[in-house]
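This report concerns only the one structure given below.
All of these numbers come straight from a predicted model, not from anything done at the bench.
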Amino acid sequence: MNDLFTWAALGTIAGASAATLLATNVIGGLLGPSGDKLRKWIAIAIALLLSYLTAAFADDAGAEKWVIAFFNALVIFSAALGVNQFPPGNRQATQPSPTQVAQGREPRVFRSWV
């Protein structure tokens with residue numbers, strides 16, 4: 001169990017970003033197609049939650065830790081979102097192939113939710 005996520009790993013930017021990405025995609029997938037529009041909001045909520053939880057357990061920081069936690073949440077969100085998705089001109093097209101449309105299937109893996 002210690003080889004997967006740990007509390008120490010969730011306290012890092014990499015761990016929190018991975019957890020945010022994973023949780024966002026699982027929750028969005030469970031919500032179905034209507035969850036696609038909510039994924040950005042789910043991601044920022046999870047990033048804020050993880051960042052503020054980490055700040056709550058930080059005992060050596062002063063009151064400024066809450067401001068820093070907000071900016072850390074933005075870093076976590078940006079890493080989970082993929083900053084290469086911005087600006088919109090840099091986004092990769094996620095159009096389904098003609099054969100998938102003809103068969104009524106839409107690709108579900110690795111599509112942008114920006």
Query - Closest heavy-atom pair and its distance - Thr24, Arg39 - result: CG2-O, 3.3 Å

**Report entry** Heavy-atom side-chain proximity of Ile44 to Thr20 below 4.5 angstrom
**Finding:** no

Report task. Treating Ile, Leu, Val, Met, Phe, Trp and Tyr as nodes and any side-chain heavy-atom pair under 4.5 angstrom as an edge, say whether Leu81 and Phe71 lie in one connected cluster. Result -> yes

Requested in this report: Please report the shortest heavy-atom distance between Ala47 and Ala73, naming the atom on each side.
Outcome: CB-O, 3.5 Å

Query raised in the report: Residues sharing Ile42's hydrophobic cluster, by side-chain heavy-atom contacts under 4.5 Å among ILVMFWY, directly or via others?
Result: Ile27, Leu31, Leu38, Ile46, Leu50

Query - For Ile13, the rest of its hydrophobic cluster, which grows through side-chain links under 4.5 angstrom - result: Val75, Ile76

Query raised in the report: Of all residues at least two apart in sequence or in a different chain, which pass the side-chain contact (heavy atoms from CB on, under 4.5 Å) check with Tyr52?
Result: Leu48, Trp66, Ala69, Phe70

